[in-house]
Amino acid sequence: MTAATATAPTGPTFRARFGRAVPYLLLAPGLLWLVIFYVIPAVQMFTYSVSTGSLETGFTMTFSGDAYATAINQFGRQFTNSLLYGGLATVFTLAIGFPVAYTIAFRGGRYKNLILFLVIAPFFTSFLIRTISWKILLGDEGPLLAPLRHGFGLIDANIPLLGHAGIIDGRFSILNTPIAQVAGLTYNFLPFMILPLYVALEKIDIRLIEAAEDLYANRAAAFRRVTLPLALPGVFAGSLLTFIPAMGDYINAELLGNPSTRMIGNVIQNRLLLQNDYPVGSALSFILMAGILVAVAVYARLLGTEQLTG
Amino acid sequence: MADATALPQAAAPSADAARKRSGGFWHWLQPRILPIFTTLAIVYLMIPIAVMIVFSFNKPAGKFNYIWNQFSLDGWAHPFDWPGLGDAVRMSLTVAVLSTLIATIIGTMMGLALTRYSFRGRGALNGVIFLPMATPEIVMGASLLTLFVATALPPLAGSVPTLYPTGFLTILIAHVMFNISYVVVTVKARLAGFDRRLEEAAMDLGANEISTFWRVTFPLIFPGIMAAALLAFSLSIDDFVITNFVSGTTNTFPIWVYSIQRNALPVQINVIGSIIFIGAVLLVGATTLRSGRAARIR
């Protein structure tokens, strides 16, 4: 750095002039944005959930619980679907993601960065297009089923293998079944599971595992009693990053599922955007948010992650 | 050490010995289970991308590009040849660029304030930053819509600027909102490892706070800011759920795809998707190479 550019402070310095206001000035724009467009909307949504009225006449706060009653009585099915499919997707991403993250962290070697790059590669395409690709792939005449059906004459028969989930109009289909929907959810959120798992596993000091083996733990015991507990924060983070968006998702249900597999997101979308039913739409969103908070709290309790992360 | 072993020949020495002793398929397979499983998982992740690219060369028999018909370059020759598609892509790019700029600037400022200064309520503020990332997108979209609607209805109407019917401005507001948190977190991560003595050295050499910031601090955290901007850009250009709530009749690319896929699935969707994919891969590749080289030089 040349001396010419480093001008000596003349008069009161920057710090003296603005002093303690600096952090507040730096925070102000972002904080304002979040308050006006995150906090206030949440308040507004709650207000509408206890209001009655319509888009034409305006809404008046009546503190009636009608919207909540409608939400719970009419859409229990969709809430259950969200919980079930979101939960299943979380379990599957964990089952697939853990071995993958483990392999990258401990066996990745010089391929580590390449594999991580491949794991995040789906993010470089649109979420919507990826889901449409599954629709192409799993369609009755798609690349997966068409050869089986026409080439080998298979699966035209009514195969009870997968229960009724995979049977549409008496023939085997994958598209428009819960199977396709859960496969799509699992696919779309798998990277969100792998990355935090990888971060947690990568941090593990390999000497701890070696020490366990030196102390006569076999590989399974060392894994169960050393690796797994140390990876729990990653399991927790990954599960949240998968479960929360999967619960609220409605694209997979709409593109890959059928009317009876619709999730709560579909209803919220429908109520707010198509029917302009703001009270019920708002109540549904609030219940979803509350349900997620409860699920997260229960999960944290089960995993005992508070103690782990401190 | 296990992590020094490359993926394809990831047999641990003990497993090798075991195989020599007893042989058999299981002992051949055992050390390879994880690499094989990982390869399959990667294939699972790549399949839809491959389908997207392959089907961008299809000439669909009808309006829907669901079934392979015959090879054609039509889509690539006329990538915007569908009413509204060009405008939607332009809108997506405009929103992405503007929201990235705004969110990166105000998010970086917040990140600086949160790591550099101690003030009352800092802990609580760190929590507030995480909230938008922990809220389901659909709830954020729904709540933003209720606010925008409320600005046009009594009692708010007239006293605040009206943001309903929704359109470009509301999309931009929403995108900045969900991007801020990601920028703050990314910039904070970069600032965490920052050596404050570099700044002290600059001040000792007579630089004032402002020139210290621009000539020392900013260049050092610039890679973090770039990473944050890239993340914000990719989140913005791909966002569907929130945008769908606040876009009204304005189309971004994902909204356009969603609204058209019920009536037709033009091959152009796959072409634009492939272009975005290849562009993102090249951009990230170039950034990684550059930062790798910069790290070596330093």
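Here is how names work: the chains are called A, B, and so on, in the same order as the sequence lines, proteins then strands, and each is numbered from 1.
Neither the backbone nor the side chain of A:Pro245 comes within contact range of chain B; no heavy atom of the residue lies under 4.5 Å from a heavy atom of that chain. In this structure, chain B has no heavy atom under 4.5 Å from any part of A:Ser51. Heavy-atom distances place no part of B:Phe178 under 4.5 Å from chain A, backbone and side chain included. Within the 4.5 angstrom heavy-atom criterion, atoms from both the backbone and the side chain of A:Tyr187 approach chain B. Proximity to chain B is absent for every atom of A:Ile209, based on heavy atoms less than 4.5 angstrom apart. If you measure heavy-atom distances from A:Leu27 to chain B, the contacts under 4.5 Å come from both the backbone and the side chain. For A:Glu254, the part sitting under 4.5 Å from any heavy atom of chain B is the side chain, from C-beta outward, and nothing else. For A:Phe37, the parts sitting under 4.5 Å from any heavy atom of chain B are the backbone and the side chain alike. For A:Leu190, the part lying near chain B is the side chain, with the backbone staying farther off; criterion is any non-hydrogen pair under 4.5 Å. Of the atoms belonging to A:Phe46, not a single heavy atom falls under 4.5 Å from chain B. Contacts between A:Tyr102 and chain B at a heavy-atom distance below 4.5 Å involve the side chain alone, from C-beta outward. Of the atoms belonging to A:Ser126, heavy atoms from both backbone and side chain fall under 4.5 Å from chain B. The parts of A:Ala121 that come within reach of chain B are both its backbone and its side chain, each placing non-hydrogen atoms under 4.5 angstrom from that chain. Contacts between B:Asn244 and chain A at a heavy-atom distance below 4.5 Å involve backbone atoms as well as side-chain atoms.
Rounding to the nearest 0.5 angstrom, the gap separating the CD atom in A:Gln44 from the CG atom in B:Leu145 is 10.5 Å. A distance of 10.5 Å separates CZ in B:Arg116 from CG in A:Leu26, rounded to the nearest 0.5 Å. With values rounded to the nearest 0.5 angstrom, A:Ile96 atom CD1 is found 5.5 Å from B:Tyr44 atom OH. For the atom pair CZ of A:Phe127 and CG of B:Asp239, the computed distance is 10.0 Å after rounding to the nearest 0.5 Å. In this structure, the separation between CG on B:Asn270 and CD1 on A:Ile129 is 7.0 Å, given to the nearest 0.5 Å. The distance from atom CD1 of A:Ile132 to atom CE of B:Met52, rounded to the nearest 0.5 Å, is 11.0 Å.
Contact record, A:Met289 with B:Thr135: SD-CG2, 3.7 Å, taken as the closest heavy-atom pair.
The residue among A:Leu137, A:Ile244, A:Leu240 with the most heavy atom pairs within less than 4.5 Å of chain B is A:Ile244.
Ring geometry for A:Tyr250 against B:Phe245 counts as perpendicular: the plane angle is over 60°, on a 0 to 90° scale with 30° as the lower cut.
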